Structures are given as structure tokens and as C-alpha cells.
Amino acid sequence: MTAPDPARSRRGAALPVQAPGTTRTLLREDAGGGLVRRTVLPGGIRVVTEGVAGVRSVSFGVWVGVGSRDESPALAGATHYLEHLLFKGTQRRDAFEISSVVEAVGGELNAFTAKEYTCYYARVLDRDLPLAVDVVADMVTSSLVTAGDVESERLVVLEEIAMHDDEPGDVVHDLLAQGFWQSARVGRPILGTSESIKALSRAAVNGWYRRRYRPERIVVAAAGSVDHRRLVSLVRGAFGRAGFLDGDVGPEPPRIGGRRPRPRPGVHVLHRPIEQANLALGLPGISRTDERRWALGVLNGALGGGMSSRLFQEVREKRGLAYSVYSYLSQYADTGLVGVYVGCLPDKVEQVLGLVREQLADVAAHGISDDELARGKGQLRGGLVLGLEDTGSRMSRIAKAELVYGELPSVNQVLADIDAVTFDDVRAVAAELLVGDPTLAAVGPFEDADQLARLVA
């Protein structure tokens with residue numbers, strides 16, 4: 001069990017502690033969204049739903065509280081590798097049947113692996129929800145993970161790693177994370193490395209599957225044209241068939257807090273004979289449940305969140321030094337990162353880094369303007385509300401509330417929290433985070449790391 005985060009916001013209502021077999025209403029329809037209900041099943045599986053009026057589809061997902069940062073060095077990349085393997089077949093369906101039965105009803109079936117969770121999801125017509133539940137639950141609980149599938153899919157994962165490595169704009173973010181967090185697991189690439197994937201045995205991957213895919217770590221979420229009682233009944237049948245309702249363990253607590261990994265300033269260079277310099281600058285951020293997250297979100301919007309942001313205007317619009325420039329936030333249970341990315345010509349690196357450092361220092365010293373405050377709030381409000389226009393985003397929101405936030409504020413409450421951010425809030429978080437020595441990652445035609453180090457000293 002992780003330690004509580006002392007800076008965690010308590011403005012949202014904490015999710016209730018429930019006994020197995022009980023159902024609670026978490027949010028009502030007048031709270032800026034649909035009716036959200038939660039049932040805890042024996043064994044610790046949680047079922048959460050949000051009804052969305054006016055749609056005939058359902059986004060359904062099975063979320064497992066395991067990600068790449070849970071892996072030991074010997075298992076690097078195992079979580080993502082396993083995600084691939086669960087599509088290869090069960091006792092009841094082979095790989096073709098898994099995909100074809102969902103596609104036959106016009107549905108979508110996919111999955112993704114993150115650093116702190118994994119999700120398998122489908123989007124189908126409401127009448128086809130029983131099929132989606134049966135297929136996804138079968139994959140998650142009863143995949144065979146055969147030796148033959150492990151070997152054939154190993155080639156696919158290695159190809160995915162190679163494809164990723166061919167994109168310097170992606171590589172530089174992995175290089176930054178590894179340099180920023182050093183030996184901490186959160187800094188490792190989700191895909192693993194070619195070496196780690198080649199070394200993984202069938203026994204290692206299957207053992208990871210059996211140990212980590214347990215009912216107390218599973219959240220089943222659905223949003224759209226969905227009846228909560230009907231879904232609970234479907235989940236009981238699908239997961240009960242695999243023995244996932246036999247235990248008496250309660251749900252795992254949300255992944256909040258923990259021992260904060262120590263960020264490390266420095267310069268990390270990967271030589272590539274390409275025409276563009278890809279730069280990523282990182283400074284310590286905050287965890288995803290920190291009460292200052294809305295102020296930091298507003299700051300990020302003003303700094304590099306769009307075409308009107310400072311970095312875009314200063315680096316691209318006024319001087320034409322880069323095509324792509326933006327800031328971003330990475331936030332996890334116990335830590336975070338404030339990042340800036342720039343892609344520019346190699347002979348412009350010194351000028352570009354100077355401008356970026358100048359803007360960071362100015363915002364740290366003086367905060368942002370009233371206009372920037374208003375635009376930053378507008379970006380957050382719009383991103384939230386427009387993002388929730390589709391059922392997939394709503395499904396993800398209620399699932400993440402269970403797995404990693406531990407609370408589910410209403411949309412109206414989140415909008416109120418954004419509106420409550422003040423100039424002083426933004427200035428305070430900027431003064432704390434945008435100072436100190438950064439971590440710089442660079443991918444491009446660089447031979448001398450010391451030269452780049454001097455530019456950020």
C-alpha cells in the first residue's frame with residue numbers, strides 16, 4: 001500500500017469504501033455528466049458505469065492496475081509484451097476469432113499499456129455489449145500465452161521498438177525520462193528494449209500475467225448507452241467463469257503517493273545523422289493528485305500549450321527558429337515532469353535553448369499576464385469538456401478515478417477548480433518548478449555533449 005500524498009487535493013469526493021456485493025451512486029446526472037454508479041464484486045473487481053443520453057454505443061474497458069514501472073529490470077517491457085499476447089488466443093477463441101467477432105458487429109477492439117496501468121477496450125453498439133464483455137473478459141482472464149505465440153509476437157514487439165527508434169521526436173522523450181529519473185523504474189521505456197524483449201522467456205511473461213492480473217487490481221468501466229445492473233450481471237458471468245469472483249480480497253487502493261524518485265539534472269545526447277536537432281528539456285513537476293495541478297495546467301497552457309503561447313510566439317512566430325515547439329506535463333502517482341520540446345536546425349540550438357531558458361526564467365520570476373491566465377483557463381476548460389464529448393473519454397475518466405485518483409469530482413466541480421486558479425497560484429507554482437538546473441535530452445547530429453551542457457549550465 002502506497003503512502004498518502006500530503007499535497008493531494010481533497011476538493012473532490014473520495015470514492016467510498018464498499019463491501020463486496022454493494023452498489024453506490026457516485027455522481028448524479030445533474031453534476032455536469034451522466035449517472036455514475038459503482039459495484040464491488042467478490043474478489044475485488046469494481047464495475048463503474050456512466051450513462052450518456054442520446055447515444056446508441058458503449059465504450060467498454062477492462063483496466064488492470066499494472067504498468068511498465070512495476071517491472072524489474074529483468075522484466076523490462078513484459079507488461080506491453082503481454083498486452084500483445086492476450087490477443088493471441090484463449091481456450092474458447094483463437095486470435096482470428098477474437099478480432100473477427102467484434103469486427104463482425106462493426107465494433108472496435110484494442111488495448112494500450114501505460115507506466116501505471118493497462119487497458120483493454122471495445123466500442124460497440126449497445127445491443128452488442130454482451131459480446132464485448134465476453135470477448136474482453138475472456139482475453140484478460142484466460143489467455144493461453146503459448147510458447148509459439150510468445151516467439152511469434154516477440155518479432156512484432158521488436159518491430160514496434162525499431163519503428164519507435166526511427167522517430168527521433170519520440171526517442172528524445174524516452175531519453176529525457178531515462179536521464180531525468182535515472183535508475184527509477186518510472187523513467188524506463190514502456191516498450192522495453194530490444195535486449196530485454198529478446199531475453200524474456202515464456203515462463204517469465206506467463207508468470208507476470210498470472211501474478212499481476214488479479215481481480216483486486218481490475219476495474220471494469222463502461223460509458224454510453226449502458227444499464228448498470230445489466231453490465232454487472234454480464235461481468236459476473238464472464239469473470240465468474242474464470243474463477244475471478246471466488247476470493248474474499250477487497251479492491252487494491254488507488255495508486256497514490258509513494259517514495260518520490262529524485263530527478264537528476266544533466267545532458268544526455270544520442271547521435272543520429274539526421275537534419276534536425278530534437279531537444280527536450282525537463283524540470284521537476286508534481287504528482288497527478290497534487291492540489292496545484294490546475295494551476296500548473298494553466299501555466300503549461302500559457303508557456304507552451306498552443307499557438308498563442310509564449311514559446312510558440314517567441315521561438316516560431318517572431319524568429320522562425322523551429323517548426324515544432326511546445327511544453328507538456330507528465331504526472332504520475334509520486335512524481336512529475338515539466339517538459340519543453342523543440343525541433344530545430346542544429347546551428348540554431350544555442351539560440352533556441354537561450355530563448356527557452358529566458359522564457360522559463362521570466363515566468364518563474366514574474367508569473368503570467370492576466371490575458372495568459374484567461375487563455376490558460378480556457379484551454380483547460382475546453383480540453384476537459386470537448387474531450388468528454390465521446391464515450392471513450394468518459395469511460396477512461398471513471399476508470400482512472402478508481403485506479404489512480406481515488407476520487408471522482410463532477411465535471412462541474414473540475415470546472416470550478418479551474419476557474420478558482422489565481423494569478424498568485426500560477427506564479428507560486430512557476431517560481432517553485434521553473435528554476436534550477438534542467439535535464440536536457442538531445443537527438444541529432446551532435447558529437448560534443450559538453451557543448452550542449454554549457455548551453456544549459
Side-chain angles (χ1 to χ4, degrees), residues 12 15 23-39 41 45-65 83 87 98-99 101-114 117-140 218-239 380-405 407-415:
L15 295 174
T23 298
R24 298 277 187 92
T25 295
L26 303 182
L27 293 174
R28 301 196 176 276
E29 291 178 279
D30 59 355
L35 177 67
V36 180
R37 304 184 74 198
R38 176 188 194 246
T39 295
L41 296 177
I45 292 178
R46 288 149 285 175
V47 182
V48 287
T49 63
E50 180 175 8
V52 180
V55 300
R56 287 295 310 275
S57 66
V58 181
S59 290
F60 167 81
V62 175
W63 296 67
V64 187
E83 175 215 310
F87 284 83
I98 287 173
S99 60
V101 294
V102 176
E103 291 178 356
V105 298
E108 304 167 9
L109 178 66
N110 214 329
F112 64 87
T113 304
Y117 46 78
T118 308
C119 174
Y120 302 82
Y121 64 93
R123 185 167 179 258
V124 294
L125 299 180
D126 49 10
R127 69 180 186 180
D128 297 316
L129 180 60
L131 174 66
V133 174
D134 189 52
V135 170
V136 178
D138 190 28
M139 290 168 52
V140 169
I218 290 176
V219 172
V220 177
S225 177
V226 56
D227 178 80
H228 184 82
R229 289 184 180 179
R230 179 172 180 245
L231 178 62
V232 169
S233 177
L234 293 172
V235 171
R236 281 184 180 275
F239 282 87
L380 285 184
R381 286 193 299 263
L384 170 69
V385 176
L386 295 178
L388 293 178
E389 291 294 307
D390 72 271
T391 56
S393 295
R394 288 184 176 271
M395 183 269 289
S396 296
R397 178 175 126 86
I398 59 178
K400 289 178 183 177
E402 288 286 341
L403 279 178
V404 298
Y405 285 101
E407 60 186 32
L408 180 63
S410 68
V411 175
N412 288 343
Q413 180 61 61
V414 174
L415 293 174

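Quantities reported herein were computed from a predicted structural model and do not represent experimental measurements.
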Got a sec, which residues hit salt bridge (charged side-chain N to carboxylate O under 4.0 Å, His left out) with Asp126, two or more places apart in sequence or on another chain? Arg56
Among all residues two or more places apart in sequence or in another chain, which pass the salt bridge (charged side-chain N to carboxylate O under 4.0 Å, His left out) test with Arg37? none
All side-chain contact (heavy atoms from CB on, under 4.5 Å) counterparts of Ser233, not counting sequence neighbours: none
Would you say that Leu129 contacts Phe60 through its side chain, given a criterion of any heavy-atom pair below 4.5 Å between the two side chains? yes
To the nearest 0.5 Å, how far apart are CZ in Phe239 and CG in Leu41? 9.5 Å
Minimum heavy-atom separation for Ala222 to Leu231, with atom names? CB-CD2, 3.6 Å
Would you call Val385 and Leu415 a side-chain contact if the rule is heavy atoms closer than 4.5 Å? yes
Do His228 and Leu35 touch side chain to side chain, with heavy atoms closer than 4.5 Å? no
Name all residues meeting the side-chain contact (heavy atoms from CB on, under 4.5 Å) criterion together with Leu131; count only those two or more places apart in sequence or in a different chain, and write none if there are none. Val101, Val105, Val135
Dump the intermediate steps for side-chain contact (heavy atoms from CB on, under 4.5 Å) on Thr39 and Thr49, then the final yes or no. CA-CA 9 Å; Thr39 295; Thr49 63; over 6 Å; no
Among residues at least two apart in sequence or on other chains, which ones pass side-chain contact (heavy atoms from CB on, under 4.5 Å) with Ala111? Glu83, Phe87, Tyr120
Taking Ser393 for the side chain and Gly387 for the main chain, is one N or O donor matched with an acceptor at less than 3.5 Å? yes
In chain order, what residues pass the salt bridge (charged side-chain N to carboxylate O under 4.0 Å, His left out) check against Glu402, with sequence neighbours excluded? Arg38, Arg46
Among all residues two or more places apart in sequence or in another chain, which pass the salt bridge (charged side-chain N to carboxylate O under 4.0 Å, His left out) test with Arg229? none
According to side chain to side chain donor-acceptor pair (under 3.5 Å), who are the partners of Thr391, at least two apart in sequence or on a separate chain? Ser59
Angle class for the Tyr117/Trp63 ring planes (parallel below 30°, perpendicular above 60°, tilted otherwise)? tilted
Using atom types as modelled and distance alone, determine if a side-chain donor or acceptor of Glu50 lies under 3.5 Å from a backbone N or O of Ala223. no
With sequence neighbours left out, what residues match Asp138 under side chain to side chain donor-acceptor pair (under 3.5 Å)? Thr90, Arg93
Contacts of type side chain to side chain donor-acceptor pair (under 3.5 Å), residue Ser99, not counting sequence neighbours: none
List the residues meeting side chain to side chain donor-acceptor pair (under 3.5 Å) with Arg230, not counting sequence neighbours, and say none if there are none. none
Not counting sequence neighbours, which residues clear side-chain contact (heavy atoms from CB on, under 4.5 Å) with Asn110? List them please. Tyr121
Closest approach of Arg123 to Ser57 (non-hydrogen atoms, all atoms of both residues): NH2-OG, 3.7 Å
Using the side-chain contact (heavy atoms from CB on, under 4.5 Å) rule, take Val133 and Val220 through it: C-alpha gap first, then chi angles, then the decisive distance, then the call. CA-CA 9 Å; Val133 174; Val220 177; over 6 Å; no
